[in-house]
Number of protein chains: 2
Amino acid sequence: MTEHSNPSKPPTIRDVAREAGVSKSLVSLVFNGGENVSEERRKRVLHAAELLGYRPNLVAQSLSAGRRDVVAILVANLHNPLFAEIVSAAKARLVEAGQRTLIVSAQVDDDDGSAVLDRDNIAILRDLRPSGLIAVGTIRGFAELADLTATIPTVVASAMDTTKDVVAVVRSDDNTGLDLVVAHLAEQGVEQIAFIGGDGSRVSASREAAFRAAAARHGFGDNARVERADFTEADARRAVAELLTQGRLPQAIIAMNDLTAIGVISALEAAGVSVPGDCLVTGYDDTMLAAIPRISLTSVDPDNRRIGSAAAEALLASAEGRVGEVLVTPRLVVRGSSHAA
Amino acid sequence: MTEHSNPSKPPTIRDVAREAGVSKSLVSLVFNGGENVSEERRKRVLHAAELLGYRPNLVAQSLSAGRRDVVAILVANLHNPLFAEIVSAAKARLVEAGQRTLIVSAQVDDDDGSAVLDRDNIAILRDLRPSGLIAVGTIRGFAELADLTATIPTVVASAMDTTKDVVAVVRSDDNTGLDLVVAHLAEQGVEQIAFIGGDGSRVSASREAAFRAAAARHGFGDNARVERADFTEADARRAVAELLTQGRLPQAIIAMNDLTAIGVISALEAAGVSVPGDCLVTGYDDTMLAAIPRISLTSVDPDNRRIGSAAAEALLASAEGRVGEVLVTPRLVVRGSSHAA
DNA sequence: ATGAAAGCGCTAACAG
DNA sequence: CTGTTAGCGCTTTCAT
């Protein structure tokens, strides 16, 4: 552990060069793995750098003909604990591959509480000229970032995107996930089921389609209904009311994610319908919410760490061309909310 | 909406200068609110910029003798929905004041799932030379960032820090918060209470001290106990077991935050103690968890938006010197978990 | 193998 | 008021 003697500004490449008695360029070479540097000089430089506590300035590096080793991870928002797992797994894989990462949030909540692109963050990211981009979660207005995705290899994780120029979309295999759920419910002897999907997001649409397919496959036919609700509890309540007034209450409700499921449970219970007594409920994502004993929600674990590492993998492989869609196989976590008993 | 004609690289200040028939410097002046630019030239420049789709390169700006208008918001982690509110409120205030913001996460989860400083993020942030720093939440290893906090006006929000050189620490007034809780519990006729604090964090310690003071104030004397647990459910269970084996079960347990409270409830119910029937429980933070009907946890709302804006305010006022500690007054949100009835 | 020199995009004195 | 000239810290030809 050595201290750098100059108390004011951080040392620059020039300071190191002077200390080592070599030129700037040589220092740069050493720090960028240049092969053709004499062992002696290399040592001198490294030693001087250590002595001074020199760290290359990333901003300068990026300005000067973009460095190709920093990957930006754009997180949809700071709310969703889900994303944290994906991000850390992706980062771990990237670091392993010798890449630097910059993790920034893509959206902020404006005054109305709705998410909007964080233009400041995006602008800085753009100017940093990252070598790659991983977008985690559904980002509203992601299409506006076309100038980025067109230039920079981009992978979308845990979201869907139609943009032609993303290297890969890595997400949970909704078909398998919903099949697991429907099969489980069928096993419990359920005969009428309903799906409560979300807002207009593509993920929601995909899960809805997956539900319809799974329901058909398991012979539910007309006994499978679909309702929509955004993620607010108020809206879940509305959707449930809808379901209730349509006559018969389904014996099970499949929510597109855990948050919606909790809204559904709340709405059902507020209406005097007990869960799982009178109606089973399942979620998707297997967030920590699902595991809380009082909630004990059967949910689909999408294996977020695998999604994250697969996204990183896809990006690293992007040199070899488009990867396309990577579907990560989920597994069902059965809890109290789906045991009629 | 105009397109820039050059399909390859984004336009630079030079392109704009050429297009407008002026010098680089003039363009720079126009974009930095220079007063002494003739109206005509200014228009020409603005028009050329618009035409080309020019956006100043922030990285270049920051490299070239630091711009003084970008504030970095360092978020402890991506898990805690709490922070999202603080961040967005702080950002809103900053934007209002004409500041740019960069929101980055300060920590990542390593393989063990424990949080560590995200050195990449920090390094980039440092090199960007932000004009100010707002650290949101307790960041492990924050002390290692001393070189930053020593140089850059820093405000800590929703955490405590002893570093001498932070401009301000903005946090919930724990004393008031816990007094509200204890008073409420006393009103319910509770005679023995216990506090379950957390890991070794300063916030936890502060709330524990606040609890002791409030308990004394409300005449609990020896009937107030303290137990510790980290935020895992397993540990909450252990702490509760501890409490149970100490003989009498307290009539109410005050948890240092909502997450711990939920662990406590789970542990109590697993031990056959009903909440709120046999024991009342309260939390702190008023997260969305508390509002879930099945949880219905009485909690202290710290008013995160005010914490965020106050932090921004303190930073903006930092020119006028150290602000010190800003305590934001919380309010109690009473829910089912604290109604013996 | 090494150094000199020319930028990356921008700002900031400094002259005109 | 406007243009010229130096850099910010680093990479990268291009000579040597």
Side-chain angles (χ1 to χ4, degrees), chain A residues 4 6 8-45 48-49 52-70 100 123-124 126-131, chain B residues 4 6 8-45 48-49 52-70 100 123-124 126-131:
Chain A
H4 67 124
N6 189 338
S8 51
K9 299 195 163 304
T12 80
I13 197 175
R14 228 170 318 247
D15 298 322
V16 177
R18 189 180 316 114
E19 178 75 29
V22 300
S23 73
K24 279 185 353 176
S25 342
L26 197 49
V27 177
S28 176
L29 265 186
V30 168
F31 272 87
N32 295 304
E35 296 303 303
N36 23 10
V37 178
S38 71
E39 210 35 48
E40 196 225 323
R41 301 258 186 177
R42 149 171 275 112
K43 271 189 183 154
R44 287 247 299 281
V45 169
L52 264 34
Y54 168 77
R55 311 292 279 137
N57 183 318
L58 297 166
V59 167
Q61 281 188 159
S62 122
L63 183 57
S64 167
R67 231 151 143 27
R68 305 282 71 180
D69 71 349
V70 55
R100 237 185 275 275
I124 290 184
R126 166 181 296 123
D127 294 342
L128 238 19
R129 297 177 192 285
S131 57
Chain B
H4 69 125
N6 189 337
S8 51
K9 299 197 161 305
T12 80
I13 198 173
R14 230 174 313 250
D15 298 323
V16 177
R18 190 180 318 113
E19 177 75 28
V22 301
S23 75
K24 279 188 348 178
S25 344
L26 195 44
V27 177
S28 175
L29 264 186
V30 169
F31 273 86
N32 295 305
E35 297 303 305
N36 24 9
V37 179
S38 70
E39 209 35 49
E40 197 225 322
R41 301 257 187 180
R42 150 171 272 114
K43 271 188 182 156
R44 288 246 298 281
V45 169
L52 265 32
Y54 167 77
R55 310 291 281 137
N57 184 320
L58 297 167
V59 166
Q61 282 188 158
S62 121
L63 183 57
S64 167
R67 229 151 143 29
R68 305 281 72 179
D69 70 350
V70 54
R100 238 186 272 276
I124 290 185
R126 165 182 297 124
D127 293 344
L128 239 19
R129 299 177 191 282
S131 56

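Here the structure is a predicted model, which means the values were calculated and not measured. The basis for the numbers below is simple: all heavy atoms, side chains too, and nothing from hydrogens, waters or symmetry mates. Letters A, B, ... are given to chains in the order of the sequence lines, protein chains preceding strands, and every chain is numbered from 1.
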OP1, OP2 of [N] versus side-chain N and O of [X]: anything below 4.0 Å?
X	N	answer
A/Arg14	D/dG7	no
B/Ser64	C/dC10	no
A/Gln61	D/dT11	yes

Return the value, rounded to whole Å, for the distance between atom [atom1] of [X] and atom [atom2] of [N].
X	N	atom1	atom2	answer
B/Asp69	C/dT11	CG	C1'	13 Å
B/Asp127	D/dC10	CG	P	8 Å
A/Arg44	C/dA1	CZ	P	16 Å
B/Phe31	C/dG9	CZ	C1'	13 Å
A/Arg18	D/dG9	CZ	P	12 Å
A/Asp15	D/dG9	CG	C1'	10 Å
A/Leu58	D/dT11	CG	P	10 Å
B/Asn57	C/dC10	CG	P	5 Å

Open item on the list: For A/Glu40, give me all partners under side-chain hydrogen bond (donor to acceptor under 3.5 Å, both in side chains), at least two apart in sequence or on another chain.
Closed with: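 Testing A/Glu40 for side-chain hydrogen bond (donor to acceptor under 3.5 Å, both in side chains), a comparison that skips the adjacent residues, returns A/Arg44.
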
Open item on the list: Would you compute the distance between atom CG of A/Leu63 and atom CG of B/Asp127 and round it to the nearest 0.5 angstrom?
Closed with: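 Here the interatomic distance stands at 12.5 Å.
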
TODO: Supply the atom-to-atom distance B/Ser28 OG to B/Gln61 CD, rounded to the nearest 0.5 angstrom.
DONE: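 Atom-to-atom, B/Ser28:OG and B/Gln61:CD are 8.0 Å apart.
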
TODO: State which of C/dC10, D/dC10, C/dC8 makes the closest approach to the side chain of B/Thr12.
DONE: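 When the side chain of B/Thr12 is considered, C/dC10 is the closest of C/dC10, D/dC10, C/dC8.
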
TODO: Assess whether side-chain contact (heavy atoms from CB on, under 4.5 Å) is satisfied between B/Asn57 and B/Thr12, documenting all intermediate values.
DONE: CA-CA 8 Å; B/Asn57 184 320; B/Thr12 80; over 6 Å; no

Open item on the list: Let's go through B/Asp15 and B/Arg18 carefully: what are the C-alpha distance in whole Å and the side-chain angles of both, what is the deciding distance for side-chain contact (heavy atoms from CB on, under 4.5 Å) to 0.1 Å, and is it a yes or a no?
Closed with: CA-CA 5 Å; B/Asp15 298 323; B/Arg18 190 180 318 113; 3.4 Å; yes

List, with names and distances, any nitrogen or oxygen atoms from the protein found under 3.5 Å away from nitrogen or oxygen atoms belonging to nucleotides 2-5 of chain C.
unit_1	atom_1	unit_2	atom_2	d
C/dT2	OP1	A/Ser38	OG	3.0
C/dT2	OP1	A/Arg41	NE	2.7
C/dT2	OP2	A/Ser38	N	2.9
C/dT2	OP2	A/Ser38	OG	3.2
C/dG3	OP1	A/Arg41	NH1	3.4
C/dG3	OP2	A/Ser23	N	3.1
C/dG3	OP2	A/Ser23	OG	3.3
C/dA4	N7	A/Ser25	OG	3.4
C/dA4	N6	A/Ser25	OG	2.9

Task: Smallest separation among heavy atoms of B/Ala49 and B/Val16, with atom names - done: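 For B/Ala49 versus B/Val16, the nearest heavy atoms are N-CG1, 4.0 Å.
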
TODO: List the steps and the verdict of side-chain contact (heavy atoms from CB on, under 4.5 Å) for B/Leu58 and B/Val70.
DONE: CA-CA 9 Å; B/Leu58 297 167; B/Val70 54; over 6 Å; no

